[in-house]
Amino acid sequence: MPDFSAAEMMVVASARQLAGERVCFVGVGPPNIACNLAKRTSAPGIELLYEAGVFGAEPARLPLSIGDPTLVSGSLQVTNMYELFAYFLERGLVDVGFLGGAQIDRFGNLNTTVIGDYAKPTVRLPGSGGACEIAINAKKIFVIMPQTSRSFVDTIDFVTSPGHLGGERPKEWQGAGPTVVVTGLGVYGFDGATGEMTLESLHPGVTIAQVQENTGWEMKVATGVRETDPPTEEELRIIREELDPEGVYTR
Amino acid sequence: MPDFSAAEMMVVASARQLAGERVCFVGVGPPNIACNLAKRTSAPGIELLYEAGVFGAEPARLPLSIGDPTLVSGSLQVTNMYELFAYFLERGLVDVGFLGGAQIDRFGNLNTTVIGDYAKPTVRLPGSGGACEIAINAKKIFVIMPQTSRSFVDTIDFVTSPGHLGGERPKEWQGAGPTVVVTGLGVYGFDGATGEMTLESLHPGVTIAQVQENTGWEMKVATGVRETDPPTEEELRIIREELDPEGVYTR
Amino acid sequence: MPETGTGKVASMRDAVQELIRDGDTVAIEGFTHLICFAAGHEIIRQGKRDLTLCRLTPDVIYDQMIGAGVARKLVFSWLGNPGVGSLHAVRRRVERHDPEPLEIEEYSHFGMVCRYVAGASKLPFFPIRSYYQSDLPAANPKIVPVHSPYGDETVYAVPPLNPDVTIVHAQRADAKGDAQIWGLLGCQKEAAFAAERVIVVCEELVDESVIRSDPNRTVIPGLIVDAVVVEPKACHPSFAQGYYDRDNRFYIDWDRISRDPDQLENWLKEWVHGTDSHAEYVEKLGAERWASLAPGEAWSEPVNYGEYA
Amino acid sequence: MPETGTGKVASMRDAVQELIRDGDTVAIEGFTHLICFAAGHEIIRQGKRDLTLCRLTPDVIYDQMIGAGVARKLVFSWLGNPGVGSLHAVRRRVERHDPEPLEIEEYSHFGMVCRYVAGASKLPFFPIRSYYQSDLPAANPKIVPVHSPYGDETVYAVPPLNPDVTIVHAQRADAKGDAQIWGLLGCQKEAAFAAERVIVVCEELVDESVIRSDPNRTVIPGLIVDAVVVEPKACHPSFAQGYYDRDNRFYIDWDRISRDPDQLENWLKEWVHGTDSHAEYVEKLGAERWASLAPGEAWSEPVNYGEYA
């Protein structure tokens with residue numbers, strides 16, 4: 001088994017979950033690397049959609065912001081943001097939306113707005129950006145974020161992007177909500193009946209005890225929880241040589 | 001006084017009314033010729049907006065349809081129809097909208113939909129096109145149409161584009177409604193208090209009796225009704241040599 | 001939703017056969033510009049029935065299709081032969097139910113455009129500042145007032161329009177259906193995003209690299225396209241900016257033809273049923289006619305997107 | 001509304017002085033691309049006060065402006081230094097009221113975009129499919145549910161946003177303000193049409209014939225433009241597609257600078273108050289830095305609009 005970082009494991013595990021998916025609404029950083037890795041491995045037909053208004057990007061270098069000029073040159077289509085959000089996202093053309101957050105709860109509700117009180121927060125986070133509408137309109141939501149007992153909490157301070165709430169999703173919602181959470185410790189799914197997060201695989205070397213230590217509620221564990229397959233040599237080569245040669249996001 | 005046709009008199013009288021106006025929402029035919037004449041005479045700063053999505057057209061030939069390719073080549077901006085109607089018209093940027101119709105009543109309400117019953121009409125007319133929203137959102141409406149007792153009627157069969165109704169315009173409306181009507185017989189305005197059409201000038205050689213014969217109600221006549229100044233040599237030259245050399249709309 | 005860009009290029013015959021079913025709601029959009037007559041003709045050739053046809057301006061193409069009996073219903077905002085006069089085949093069916101009634105559903109242009117926008121955005125309604133005191137809402141109960149949640153202002157709502165099939169014509173497209181249009185854009189983008197299935201017809205099939213050299217010019221992404229038909233001159237007698245002019249003579253001739261059901265029938269026999277494909281129609285029209293429709297050149301100033309490697 | 005295209009070309013100093021008043025609602029739009037930093041710097045130089053600043057992504061430019069004390073309120077949807085981290089000057093004011101509170105009004109990206117669309121269309125509200133069960137409507141009572149007039153579906157409404165002044169940067173514009181943009185378009189068109197007054201800043205002033213050679217590329221018509229400022233490289237450290245790259249080093253440096261009020265103060269002294277104009281700022285940055293930001297060439301395939309005479 002080759003050496004790899006926790007960030008590399010997260011990217012690889014995410015990329016594998018994209019097998020068979022078509023249209024991905026991505027941000028910069030790990031989701032972008034995961035999608036580009038998937039395109040070269042598990043999901044060759046995947047198309048990348050960026051909220052800045054770019055469809056079918058073929059970035060010639062690692063994009064450093066969500067609106068990097070390298071996303072534009074050589075892409076298939078650039079639209080204004082209204083059409084991107086209305087005709088692609090709201091229309092229901094997005095298969096997978098990637099989200100992250102400062103806090104997540106057991107139902108996959110995400111907080112990217114504030115820690116503390118909204119009116120005078122302890123920490124003012126960036127806010128929604130497009131996350132709220134992505135959460136509601138993408139067919140599936142994949143969450144990538146680091147896992148600690150401060151980020152996996154019993155009650156989040158603010159619901160920026162709704163997940164499974166406490167069960168059923170309203171009929172106006174287009175998608176299934178969060179289906180996958182990938183952290184540095186493992187891969188999680190959600191119980192179809194209760195909408196509750198469930199540990200499905202542990203990254204190599206991680207224990208269930210570590211997961212519980214880094215979760216603010218008692219994490220459900222799937223019967224038959226398994227070990228995440230470690231990154232292959234080829235996956236690591238693509239990440240290290242092609243997608244993030246300077247290791248900005250994956251070292 | 002040079003010889004001229006009734007159509008030429010209509011175009012010339014309309015063009016003069018455009019003095020000082022800026023953005024004109026035009027159709028093909030007489031309104032288009034009137035606007036282009038105004039641009040060369042009474043309103044050099046006028047900009048032509050076509051519902052097909054063209055702003056700042058500089059047609060190199062007489063456009064034969066509302067979406068002639070000559071309107072596009074060399075224009076300042078081409079937008080999709082949503083943006084044209086929403087951001088130019090609905091926003092309130094249109095100073096003058098030109099309308100016509102098969103029927104008009106004393107309040108400037110226009111019918112371009114049906115003669116007879118809507119469900120099974122005697123004559124099925126084209127319908128609204130953009131006329132209904134132009135009537136409501138342009139700052140002023142100029143009407144150009146032929147005048148007969150069948151077109152100037154007491155009660156129109158269908159209100160396609162509302163005018164002054166029976167008085168006040170609702171607050172949601174952006175403009176003043178119809179302010180000028182030009183026919184082959186004369187030029188009409190509207191009474192500020194009652195919203196009723198009023199004869200303001202008679203084209204050369206036309207009598208008030210002729211106007212009344214060709215109106216389905218008793219037309220109000222302004223005190224001090226005057227004779228329309230006939231077309232000048234220069235106005236006729238521009239129409240005949242530059243704008244409609246084949247006389248499609250003006251002979 | 002089609003699979004990843006493979007095998008979408010099809011003949012018009014196959015595209016119409018596979019993607020349009022009797023009873024479908026079909027939009028052939030294009031405002032005066034890029035009206036895909038060739039698609040309409042193929043629909044007539046194949047004898048499709050009971051279609052609901054949607055277009056802002058039914059134009060001569062829907063007069064031909066309705067005259068040929070493919071449609072049950074018409075959804076529109078302006079019913080005429082632009083710059084010429086009436087659509088007589090449509091009028092006969094509306095005024096005299098001859099040879100049978102035609103159901104109509106009528107809006108204004110902006111209303112129709114916003115119906116496609118709502119359809120393309122999956123919105124249950126779209127608000128517009130129109131229709132106040134017009135008789136249109138009485139004639140069409142789908143046009144209803146809606147109150148602003150912020151106060152006492154009232155605007156009107158139109159419902160979404162989601163065609164089963166939208167057909168758009170583009171100057172150039174790649175094999176996956178990424179399509180670029182310049183000149184009048186009408187509401188093709190909205191009508192395509194609103195549709196369940198999309199047929200892109202193009203003047204020229206180009207390499208993907210041409211599309212990627214100017215991504216701001218792309219109107220329709222291949223993502224939503226089911227078939228790509230390469231059919232030059234498919235818009236005659238309407239025009240394709242930079243490719244051919246509007247054939248005004250045809251629009252004038254059509255007024256005479258469509259006034260008389262027998263002449264219309266004969267025209268369809270000769271020009272639609274009598275031709276096997278649009279290529280034959282184009283040839284039949286003759287080189288001289290095409291030469292008279294050829295525009296001069298007026299090229300856009302290119303722009304530099306920059307290489308960011 | 002300006003008079004017919006004459007005399008709109010102005011210096012940044014004059015444009016800001018004449019068109020922006022204390023207390024105005026100002027939008028400098030551009031999503032990561034074409035963010036007109038030079039306009040923000042001139043607003044700081046002139047010591048404007050009590051502005052309400054609107055932008056989807058306040059970015060480093062509003063951190064600078066808010067750090068300099070020109071703003072009373074911020075309307076936004078994503079508050080960060082993109083790809084780097086936080087906007088510390090903004091955070092100090094929100095978290096600790098240091099040196100004074102900053103009023104905020106918060107939406108999602110799509111909500112902000114639709115506020116401009118509503119403003120540009122004079123609609124009293126705009127419906128969107130977002131916000132269900134999010135805490136955002138509780139935090140911002142202007143986000144309200146609205147029921148479809150066609151049934152029991154509920155969407156959310158956002159109110160129109162009509163800035164007093166919108167500033168947009170374009171790659172090229174003519175002297176009347178007809179502006180062309182390629183690459184990311186953000187919501188500049190909507191923000192400009194929504195505004196009472198519009199300042200267009202451009203990399204290059206071109207002859208009207210260049211604009212007219214490609215009318216589909218025009219994003220803003222001169223009709224709605226009050227001033228045209230020719231200010232090359234005005235977007236540094238953001239980018240102008242085909243002209244210069246994003247200066248990522250500056251975004252990273254800013255994190256350190258804005259963490260410390262004294263460093264921020266010194267930066268403003270040196271780079272904003274210490275320069276008389278953006279031309280000086282550009283020169284001060286140095287030829288080497290600019291050379292490192294120069295992209296390679298990637299030209300669009302031109303298209304033929306055709307001559308129809």
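Hydrogens, waters and symmetry mates play no part in the numbers below; they use all other heavy atoms, side chains included. Chain letters run A, B, ... following the sequence lines, proteins first, then strands; residues in each count from 1.
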[X] versus [Y]: any side-chain heavy-atom pair under 4.5 Å?
X: C:Leu223; Y: A:Phe88; value: yes
X: A:Pro69; Y: C:Tyr305; value: no
X: A:Leu76; Y: C:Asp174; value: yes

Indicate the atoms forming the closest heavy-atom contact of [X] with [Y], along with that distance.
X: C:Ala309; Y: A:Ala60; result: CA-CB, 4.0 Å
X: A:Gly74; Y: C:Arg212; result: O-NH1, 2.7 Å
X: C:Ser121; Y: A:Tyr82; result: OG-OH, 4.2 Å
X: C:Asn162; Y: A:Arg91; result: ND2-NH2, 3.9 Å
X: C:Lys189; Y: A:Thr79; result: NZ-CG2, 4.0 Å
X: C:Phe193; Y: A:Tyr87; result: CD2-O, 3.2 Å

Residue part contacting chain A, namely of [X], when any heavy atom lies under 4.5 Å:
X: C:Asp214; value: neither
X: C:Glu208; value: side chain
X: C:Val117; value: both
X: C:Asp178; value: side chain
X: C:Leu123; value: side chain

Subject >> A:Val23 portion near chain C, given a 4.5 angstrom heavy-atom threshold >> reply: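 The side chain, not the backbone.
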Original post:
CZ of C:Arg217 to CD of A:Gln77: how many Å apart, nearest 0.5 Å?
Top reply: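 The CZ atom of C:Arg217 sits 13.0 Å away from the CD atom of A:Gln77.
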Subject >> A:Leu89 side, atom CG; C:Lys122 side, atom NZ - distance, nearest 0.5 Å >> reply: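 A:Leu89 atom CG to C:Lys122 atom NZ measures 11.0 Å (nearest 0.5 Å).
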Subject >> Salt-bridge criterion met for C:Lys176 and A:Glu47 (N-O under 4.0 Å) >> reply: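 Salt bridge: yes.
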**OP:** Tell me, out of A:Thr70, A:Val78, A:Asp68, who's got the most heavy-atom pairs with chain C below 4.5 Å.
**Re:**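 If we count pairs closer than 4.5 Å to chain C, A:Val78 comes out on top.
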